[in-house]
Structure formats: structure tokens, C-alpha cells
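A short worksheet on the structure shown next.
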Protein chains: 2
Amino acid sequence: MNDNKKPNKQGRIREQSQEKIIVAAQEEFILQGYKGSTVQSIADRAGLPKANILYYFKNKENIYHAVLEKTLNMWDEGIGDIDPDNGPKVAIEKFIAAKVKMSFHHPSASKIYAMEIIQGAQHLKDFARTYLRQWVRAKAKLFQQWIDNGEMKDVDPVSLIFLIWSSTQHYADFETQILTIMNRADYEEEDVEAVTKFLTDFILRGCGLK
Amino acid sequence: MNDNKKPNKQGRIREQSQEKIIVAAQEEFILQGYKGSTVQSIADRAGLPKANILYYFKNKENIYHAVLEKTLNMWDEGIGDIDPDNGPKVAIEKFIAAKVKMSFHHPSASKIYAMEIIQGAQHLKDFARTYLRQWVRAKAKLFQQWIDNGEMKDVDPVSLIFLIWSSTQHYADFETQILTIMNRADYEEEDVEAVTKFLTDFILRGCGLK
DNA sequence: TAAATAACTGACTATTTGGTTGGATTACCT
DNA sequence: AGGTAATCCAACCAAATAGTCAGTTATTTA
């Protein structure tokens, strides 16, 4: 994700190994689930001996926590806070574009997150209860102001947020299904544009902004 | 799910037990994943001794297959085939209503399905490649005809289908997150109506049908 | 009611797996 | 170069778990 320009001192190897492990673990957790991923399988995928994995992460659960943390960081970097300054049209356009980009470029993050939520958000209860709830309320308020000002149609802001989330994340979480249905091996860059355009047009129209 | 009016003969107990086991297993698989669900935990949830579970299902994988099969049956019962006779507006209305109803009334089915797909559809590859792909193509064709006839706006039919799927299923798969954000304990019947209304209005508008 | 069949269950086993340990090896600094 | 701390790793162990089995109880049928 980042670089390799860290001071050539202690800790460099540590960071590299941890990163390798997290990436391997993420893939493994998606494919096999938490319990189904063995420390050995993560080690194999990372190209390290098992004991080495446990040397960098005290135990399996810590690996999972590290994966989750990385996922959440990516989440709120990539989500690109809704921009309140240029009216609802620009805000929605930017938001959709950011989320679609995330879904196509980092589907793994979205998948890990989705699995957590489906399984009852056992590790993310606090995140949802505090951070997420506040986020949604703040953004809903923003939309409501635009509605009250007559700048967009009167739609329920919270439902709108859910719709944007779901329709964009779908391309990450259900990647396999979508590719199978379209009889394709991989997404291509033009898919990102096409989907962004479709969703932007469609949703803006739904909001009475087009 | 169904009844207890089966002939009072051999096989009745078998059916009841199997049903109990499948329901328990479904819940367990959602919460703990396949590998994380132990036969013992399924047994406890079903209120039966472990050996009894293995008596009705040869092994754990068979239990999972039974759960998946039940899920798929529910899927194509509940999806309510798109009705081609009354134009796009009615078709979309009915389709959305059916899917929202499914999501709120049978979230477990949707969750099991979602987990399978996220994990790479390892048991559903064939289903997607044959059944699902044909379904989407047939429905897309239908929408395209309506578009060609000028009965609805020119939007990409496949993208539209994905949007309807994702926005409706979201309420099942992300149940936990939605409830947490809205600070609620459970869905209520009026939520079904509200969501149906929101999505129907919004999507019809997106299709230029309102 | 008696035989036959289905349902049930506790106890056991082979295997898998998370985690430990202790010592070898390598990287880093002065 | 030499010393020190970080890294690496094979072998090991205890706990957990899927599946078996042999024997018991309940139900159906003739």
C-alpha cells in the first residue's frame, strides 16, 4: 500500500513481514472464513513458516484484528467525505465515484467488512454504534438541509445513503457473481467508468437532479 | 417453514428432525461460518445430541448442502418472476416489492447466499453459470424491448437489475448495521412498507417512469 | 403381541490445529 | 570484527472436533 523508504533501521523487516502476513490473511479469511483459515494456510500464502507468523502476531485473533483495522482505515480514507460546499449534485457525484472506485480497486476490503456485518458485526459493534451512526446522521442532516432549501427532491436521506452504499459495494462483494453472469474473467478499467456513469445518472435522476 | 400434515407414517420424525437441524445449522453457519460451526454447536441449537445430527446427515458438508438447497429454493420462490404482461412500471413495482419482502422476512436465506458468493461461490458456481446467467439475460432482454418501444428510459438493463438486487438485499445482509445505525432492536412491519415505497419511487424515477 | 425397522445415544478415536519453546541464523550498530 | 538484538524455524504438545460404532429404546407393521 505504502512505500519502502522507511529508515533502514530496526523495524523495517518487521513492517514488511507484517504487511505480507496481513495481505495473505485477508485473502485467506475471505475465501475460508476466520475459523476455516489456518495459521499454516496463511503462512503458506505469505511464504513464511508458521512459527514466524506467530512471532509477529501473538495469535490468530490478532491477525484478524490487524486485517480489520487495515480495512477500516481504507474504508474511511476511500469513502471521501461528502463534500457539503457545492450542492447535492456535486456531493452525490463525488461520493458515488469514490465508492465505485473503492469497490473495483479494493474489493477485498469490502468483502471482509461485509462478512463481518453479515456475521453480526461481532468485532465492529462499537465502530457501528459510534462512528458509523454519527456519520450517517451528519450526512443525513446535510441532505435534509438541501431538501429543505429546495435544492433536491424530498427523499428520505437515510434510505438514500443506504441505496448508494449498497449499489456501489455490490460490485465488490458480489464480484464473483457479477463476473460469472457477464461471462467475464476480470473487471476492466472501463467497467469502473461505465458503472460510475450509470449509477450517477440513475441516482441523480432519482433525486430529481437531472 | 411448511406444515405438519404429512402422513402419520414412517419418515415423519425424520422430516421434522431434518428441518430442525437445517434451521439450527443455517443460523450457526451465518454466525460462525462453515468451519466455525461445530456439529456439536448445531446439535445444541437444535436441541438434539450430536450423534443424532450425524444420523440424519452423513456428515457436516451434507448439512451445509441441505441449507444451501433450501436457500436456493426460497430464492426462486420468493423472487417472483418479473411479470412481462403489464409494462415496465408494474413489473418493477412487483419485483421490488417481492425482493424487499424476502429481505425482511427471510434475511437468513439472503445472508447464507451472500456469504457463499463473497467467499467465491465455491458451491454455487454452476447455479450462477447456468440458471442465474440465463435469468439475467432473459430479464435484460425484456427491459430492452420496453426501452426500444419507448416505454421506459434508456438505461442499461443489466446494471438496473444489479441495482435492484443490491438495494433490496442490503436490508437483509446488512440488517445488523442498519439496525445499529438507526438505533433499533428489530425491523417492524411498517419498515417493509416504507422501504418498498422509497425504493419503488426512487427506482421508477430513475427509469423515467414517474 | 411379536418381529422388524427406525430413531436415538454415550463413548471412543484419528486428525487437525493453535500455540510454545529453544536454539540457530541473520541483520545491525559501533 | 565483535557483540547484541531481531528474526527465523523445526519439532513438539494439548485441546478441539468430525466422524464411527455398538448397543438401546421407540415405533410401525403383520
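Reckoned from all heavy atoms, side chains included, excluding hydrogens, waters and symmetry mates.
No donor-acceptor pair closer than 3.5 Å links the side chain of B:Ser17 to the backbone N or O of B:Arg14. Counting only distance, with no hydrogens or angles, the side chain of A:Ser110 and the backbone of A:Ser103 share no donor-acceptor pair below 3.5 Å.
The side-chain heavy atoms of B:Gln122 and A:Leu31, taken from C-beta on, include a pair separated by under 4.5 Å. With a 4.5 Å cut-off on side-chain heavy atoms, B:Ile112 and B:Met74 do not count as touching.
For DNA chain D, the residues of residues 35-57 of chain A within the heavy-atom distance limit of 4.0 Å (strictly under) are A:Lys35, A:Pro49, A:Ala51, A:Asn52, A:Tyr55, A:Tyr56, sorted by number. Applying a 4.0 Å cut-off to non-hydrogen atoms, none of the residues of residues 20-29 of chain B approaches DNA chain C.
Annotation for A:Glu188 and A:Asp191: closest pair N-OD2, 2.7 Å, computed over non-hydrogen atoms.
Rounded to an integer number of Å, the gap from CD1 of B:Ile13 to P of C:dT9 is 11 Å. Separating the CD atom of A:Gln16 from the P atom of C:dA27 is a distance of 12 Å, rounded to the nearest angstrom. In this structure, B:Glu15 places its CD atom 15 Å from C1' of C:dA6, rounding to the nearest Å. Distance, A:Glu61 CD to C:dG19 P: 9 Å, rounded to whole Å. Distance A:Lys58 NZ to C:dT21 P: 11 Å, rounded to the nearest Å. Between the CD atom of A:Gln32 and the C1' atom of C:dG18 there is a distance of 17 Å, given to the nearest Å. A:Tyr64 places its OH atom 15 Å from the P atom of C:dG18, with the value rounded to the nearest Å. One can place CZ of A:Arg12 at 17 Å from P of C:dT26, the figure rounded to the nearest angstrom.
Annotation: cation-pi geometry satisfied between A:Lys60 and A:Tyr34 (NZ/CZ under 6.0 angstrom from ring centroid, within 45° of ring axis).
With sequence neighbours excluded, the residues forming a side-chain contact (heavy atoms from CB on, under 4.5 Å) with A:Val136 are A:Val158, A:Ile161, A:Trp165, B:Ile181, listed by chain and number.
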Side chain to side chain donor-acceptor pair (under 3.5 Å) between A:Tyr131 and A:Asp76, intermediate numbers included: CA-CA 10 Å; A:Tyr131 188 102; A:Asp76 77 12; 3.2 Å; yes

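Contact annotation: B:Arg14 side-chain N/O to C:dA7 OP1/OP2 distance is under 4.0 Å.
Classification of B:Lys197 and B:Glu193 as a salt-bridged pair fails, no side-chain N sitting under 4.0 Å from a carboxylate O.
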